[in-house]
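Side chains are part of it too, since the values below use all heavy atoms of this structure and drop only hydrogens, waters and symmetry mates.
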Amino acid sequence: MRKVPLLAVVSLAAALCGAPAAQAAQAAQADQVAQAARAAQAYPFQNPALPLDQRVTDLLGRLTLDEKLSLLHQSQPAIPRLGIAYHKNGTEALHGVAWSNHRDDNWNQKFAAGTVFPQAVGLASTWDPALIRKVGSAVGDETRGYNAVDPVLWGLQVWAPVVDLLRDPRAGRNEEGYSEDPLLTGAISTAYGKGLQGDDPFYLKTAPVLKHYLAYNNETDRSLTSSNLTPKLKHEYYEPAFKAAISADAATGVMASYNLVNGRPNHVNPDLNDVVRTWTDRTLYNPSDAWGPHALTDLERYYDDKPEAFAAVLKAGLDSFTIDGSDLGPMLTNLKAALDQGRITVADVDKSVRHVLSIRTRLGHFDPDGGPYARITADVIGSAANKRLNRETAGKAAVLLKNSGVLPLGKPKSAAVVGPLADRLYRDWYSGQLPYQVTPLDGIEERVGSVTTGEGLERVALRHLDSGKYVTATGTGPDDNAGLIDTAPGAASQWDLTDWTGGVSTLRNAGNGRLLGGDWRSLDTDDAEPDGWYVSQQFALEKQADGSHLIRYAGYETVESWFGLPDAYVGVTDGALALVPKAQAAKFAKEVVSDGIAAAAARAAEAEVAVVVAGSHPFVAGREFHDRDDLRLGAGQLRLIEAVRKANPRTVVVLETSYPVVVDAPTLLWTTHAGAETGHAVADVLFGDVNPGGRLTQTWPAAGALPSLLDYDLVKTGMTYLYGEDKPLYAFGHGLSYTSFGYQGLRAHGDQVSVKVTNTGRVKGDEVVQLYTHQRDSRFAQPVKRLRGFQRITLAPGETRTVTFPLKRSDLAVWDHTRSRWVVEDATHDVLVGSASDRIRQRTTLRVPGETVPVRDLTRTTRAMDFDDYAGVAFADESKARGEVVEGSAGDWVAYTGASWGSRLTAAVASVGGGSFEVRRGSPTGALLATVPVPATGGIYTYGTASASVRAGTGSVYLVFKGDLRIRDFALAR
């Protein structure tokens, strides 16, 4: 077991003890509030026996306007005259208490050092909501423990779980979500949220907030890109994961996401009020994302001024401004201006303040004793029980992708444990510091008498071809710039090269153990690990036709406009190393000083078994603000795997990643970065103490071209198991076991489906039984299959269990965009049960009585967005407040099929310069029914009427754009 890292010790000590001055100030403030509370009369809002609404109404009536406005900020000052303490939103708690921002001038990030559970995608790979509820409860306890020590730093509104659907594994924040499937995501987020909240019917252990509403799954230009959502996919795919947790009262609000949806920023998405709040009878408290309200003017240019933008944020349904650290000034200034301008009213303010006060009341903030969860102390942080839960969860999350028969390992006398992750564990951006580390090497050493190890890296020297000198480190300070110094490779000019994923590598200096990093335009070695916001320790060695290498700089800040060098490479300026444009890049020879790959293979050849621990670094090659270009495992790691496999056929590859990667091996075990107990959990699985039962929660695509990351229309792109037709590397739901299972007796009857599952092997094991359906006949495009239920069960050898799933007729409803409502169609459904989406073990059919969707009546006013098909068009905002329209240019089209129409067309249209569109029958190039002129209306939000005569008929109508314009709705009256 590793020693506690100094940084973790410092973080934990700071959390539990605090700097003396800050602690004294906090204590003085808390004492002031407490004295005021004792001195004050027993206000009704302080009386736990009164109904929530009565308490909130009483407190709201006692607040001044300035006090009300202050409660709309993330950093809510104390109100001593009423005995109300300071409160700060936003403790990060995605898979353990992670970090918070201190209320100081710099809003400094402070890390927790409690229990770190597996990354969110790993939690979901357990397919075990009951277990995840326990994890959520443990995280809720530790949040309360930290809050008991420092209530100013560690607030009780937690920004978790993240329910962003993982529809594309290249998205930089893949590890933060649960699954590409909305049902599985909803089940896991509901379980985790319930655990975070606690079991009290009224009081909240913590107040979980779902991130990020809505359709947020790319980091590139995240505040400028618009997710294209058809009404059908919005209702059937993107909304349900959020709806599940909110409707189950497993979350107290949603956070708006940075992106736009159909042309409108989500920070002013009217669905926050009009849709999300309808999913529950409970009061919700919705915060903005960090800086999001400022983006409306400063980046997106959606509004002309901040009072207008801030008013729109409040009216759309957000109740908290996550901006400007602890400085309320800008928010107060802009909201007061909005009030003076009549953009919002005091009633609007009161509405949001009610939401704030409702959740704070349920957190116990206004109870004399702080409520039932105030009794939780710091003793729970990193408790022995939580360590055991970490180990159990990490073991259950591991997915056996392939097994040539090597696993379980049994009792080998010797082992070679090699690879860049063999003896290292890493936190990610949304975890706390690991208080200790049990690496895979540690876990295996506890079980095997003779273990050898090595990172399996190439140690290289980089010789500048023009000068013949080597890239050399000069020290570990920020001003110790690396240069071209050594004329022969010494310790300071040798680098351990780790090829992570997507062609991105890090270079650790052999002399000082620090990483080469970009420091604005120079290079230095002052960082021990690749972390921080911009992660400047990333490079790509690009081999040229002549055998030389260019060194591309891949630090995250290169995407910022202020960086000014979007295509940065290592070059030589005035004799010193510097970052330069590619045209000025220097050429280097990559000389292998020592071959760690060959050394690892030699160790493997001498051992009874070999374990290669490879994978990703959570901070490298994609995370918040940065997507991945592809899913390649680093070339060096692939060479290591192949070399060790050739040296020892009894090789296991343990792949530790935050996302799918393209790698294959005869025996392959996948895990996320799973916390301090990762090594114990990996060893538990390798040696058979835990029979692997984890299953993949997203499709692992095979090597090849993928569609644009920015295209959210799954029906068009074929992404996810729901719409994908291509054979993947590993399918959604995939995972193997050390035993085997038989399925028999599938029945679909009444409102349930049942199947018998038998352990046909020799050892106890877990099976994840998965229920899918496919609707054979429909008016609408249907998924290949859709998950309808799942159960993780444990069976002893020979044991049989009947697994039953509820499947109500209403569960099979689809969104009818022709009438804007849910409908159960009269149809036959395939009922499919198996151990993965591509491994169906039993099937039957189910005849479901229902409606036949009628012919579309285009004589009635039809929203342009309610199309059946489209090409080229954009989905845009009808106005800044609400509504959606179709926007197109020459050649774009929308189609309305299975329709009947009359002879007179009228359409609500908007166009800056004027244009026209054609009405065609049957196809975009079919019979021309009319050409409809569209006059200039004066702006994209100013709608006029366009009209034309057409020939009445039935079939399909295509509206083909011939100029730049927007269509809101149309009718083809008789």
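- Ring-plane geometry between His617 and Phe619 is classed as perpendicular, the angle between the planes exceeding 60 degrees on a 0 to 90 degree scale with a lower cut at 30.
- When all heavy atoms of Val685 and Gly395 are compared, the pair lying nearest together is CG2-O, 3.9 Å.
- Asp442 places a side-chain N or O within donor-acceptor distance of the main-chain N or O of Thr439, the cut-off being under 3.5 Å.
- Inspection of the Ser505 and Trp500 side chains reveals no N or O donor paired with an N or O acceptor under 3.5 Å.
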| request: Would you please test Val654 and Val611 for side-chain contact (heavy atoms from CB on, under 4.5 Å) and show each step? | output: CA-CA 7 Å; Val654 175; Val611 179; 3.8 Å; yes
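- With 3.5 Å as the limit, one finds no donor-acceptor pair spanning the side chains of Asp499 and Gln637.
- Val663 approaches Leu655 most closely through the heavy-atom pair CG1-CD2, 3.4 Å.
- Among Leu640, Thr498, Asp496, Val592, the single residue meeting the side-chain contact (heavy atoms from CB on, under 4.5 Å) criterion with Glu458 is Val592.
- Judged purely by distance below 3.5 Å, without hydrogens or angles, the side chains of Thr501 and Tyr659 pair a donor atom with an acceptor atom.
- Considering only heavy atoms from C-beta on, Leu441 comes within 4.5 Å of Val451 through its side chain.
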| field | Residues Lys387, Glu392; criterion salt bridge (charged side-chain N to carboxylate O under 4.0 Å, His left out); working and verdict | value | CA-CA 9 Å; Lys387 292 177 183 176; Glu392 177 189 1; over 6 Å; no
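- Residues Val613 and Val418 fail the side-chain proximity criterion, which asks for heavy atoms closer than 4.5 Å.
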| Steps toward salt bridge (charged side-chain N to carboxylate O under 4.0 Å, His left out) verdict (Asp199, Arg133) | CA-CA 11 Å; Asp199 297 326; Arg133 184 164 181 166; 3.1 Å; yes
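- Taking a cutoff of 4.0 Å between a charged side-chain nitrogen and a carboxylate oxygen, Glu529 and Arg424 qualify as a salt bridge.
- With hydrogens and angles disregarded, a donor-acceptor distance shorter than 3.5 Å links the side chain of Thr190 to the backbone of Gly186.
- Judged by distance alone, the side chains of Thr699 and Glu180 do bring a donor and an acceptor atom under 3.5 Å apart.
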| task | Go through the steps to decide whether Glu677 and Arg388 satisfy the test salt bridge (charged side-chain N to carboxylate O under 4.0 Å, His left out), and finish with yes or no. | result | CA-CA 8 Å; Glu677 290 289 330; Arg388 290 193 296 271; over 6 Å; no
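- Between the side chains of Ser125 and Thr697, no donor-acceptor pair is found at a separation under 3.5 Å.
- Inter-residue side-chain proximity for Ile444 and Phe687 is flagged as met; some heavy-atom pair is nearer than 4.5 Å.
- In this structure a side-chain-to-backbone donor-acceptor pair under 3.5 Å is present from Ser383 to Asn386.
- Looking at heavy atoms from C-beta onward, Leu746 lies out of side-chain contact with Arg841 at the 4.5 angstrom threshold.
- The backbone N or O of Ala113 sits nowhere less than 3.5 Å from a side-chain atom of Gln433 that would complete a donor-acceptor pair.
- With hydrogens and angles ignored, the 3.5 Å screen pairs a side-chain donor or acceptor of Lys205 with a backbone N or O of Ser137.
- Side-chain N/O atoms of His680 and Asn390 include no donor and acceptor closer than 3.5 Å.
- Ion pairing between Glu624 and Arg173 holds under the 4.0 Å rule for side-chain N and carboxylate O.
- Judged by distance alone, the side chain of Glu142 and the main-chain N or O of Thr115 form a donor-acceptor pair under 3.5 Å.
- More than 12 heavy-atom neighbours from other residues, nucleotides or ligands sit within 6.0 angstrom of NZ on Lys194.
- Each of Arg623, His95, His673 was compared with Asp428 under the side chain to side chain donor-acceptor pair (under 3.5 Å) criterion, and only His95 meets it.
- In plain terms, the two heavy atoms of Ser189 and Val163 that are nearest each other are CB-CG1, 3.2 Å.
- Val535 is listed as a side-chain neighbour of Gln538, based on a closest heavy-atom distance under 4.5 Å.
- When side chains are defined from C-beta on, Val417 does not count as touching Thr452, because their heavy atoms never get closer than 4.5 Å.
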| Derivation and outcome, side-chain hydrogen bond (donor to acceptor under 3.5 Å, both in side chains), residues Thr800 and Thr758 | CA-CA 4 Å; Thr800 297; Thr758 301; 2.6 Å; yes
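- A side-chain donor from one of Asp664 and Tyr730 sits under 3.5 Å from a side-chain acceptor of the other.
- Inter-residue side-chain proximity for Pro701 and Leu631 is flagged as met; some heavy-atom pair is nearer than 4.5 Å.
- The side-chain heavy atoms of Leu696 and Pro660, taken from C-beta on, include no pair separated by under 4.5 Å.
- For Glu92 (side chain) and Ser431 (main-chain N/O), no donor-acceptor pair under 3.5 Å exists by modelled atom type.
- Between Trp127 and Phe790, the two ring planes are perpendicular [angle over 60°; tilted spans 30° to 60°].
- Tyr426 and Gln437 are not linked by any side-chain donor-acceptor pair at a separation below 3.5 angstrom, with hydrogens and angles left out of the test.
- In this structure, the side chain of Thr185 engages the main chain of Ser179 through a donor-acceptor pair within 3.5 Å.
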| task | Test Glu642 against Lys646 for salt bridge (charged side-chain N to carboxylate O under 4.0 Å, His left out), laying out the working first. | result | CA-CA 6 Å; Glu642 289 304 307; Lys646 288 180 180 178; 5.6 Å; no
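- Tested against Ile641 for a side-chain contact (heavy atoms from CB on, under 4.5 Å), the candidates Thr651, Leu633, Leu668 yield a single pass: Leu633.
- The salt bridge (Lys or Arg N to Asp or Glu O under 4.0 Å) test with Asp689 singles out one residue from Lys411, Lys764, Arg447, and that residue is Arg447.
- Pairing each heavy atom of Ser616 with each of Ser658, the nearest pair is OG-N, 3.2 Å.
- Aromatic rings of Phe732 and Trp700 (six-membered ring for Trp) have centroids beyond the 6.0 Å cut-off, not under it.
- Between Glu767 and Arg695, at least one side-chain nitrogen of the basic residue sits less than 4.0 Å from a carboxylate oxygen of the acidic one, meeting the salt-bridge criterion.
- Residue-environment remark: NZ (Lys402) exceeds the threshold of 12 foreign heavy atoms within 6.0 Å.
- Taking 4.0 Å as the cut-off between side-chain N and carboxylate O, Asp684 and Arg391 count as a salt-bridged pair.
- Formation of a donor-acceptor pair under 3.5 Å by the Gln791 side chain with backbone atoms of Thr804 is found in this model.
- For the residue pair Glu656 and Thr678, no side-chain donor N or O sits within less than 3.5 Å of a side-chain acceptor on the partner.
- The backbone N or O of Tyr738 sits less than 3.5 Å from a side-chain atom of Asn691, completing a donor-acceptor pair.
- Between Tyr772 and Tyr721, the two ring planes are perpendicular [angle over 60°; tilted spans 30° to 60°].
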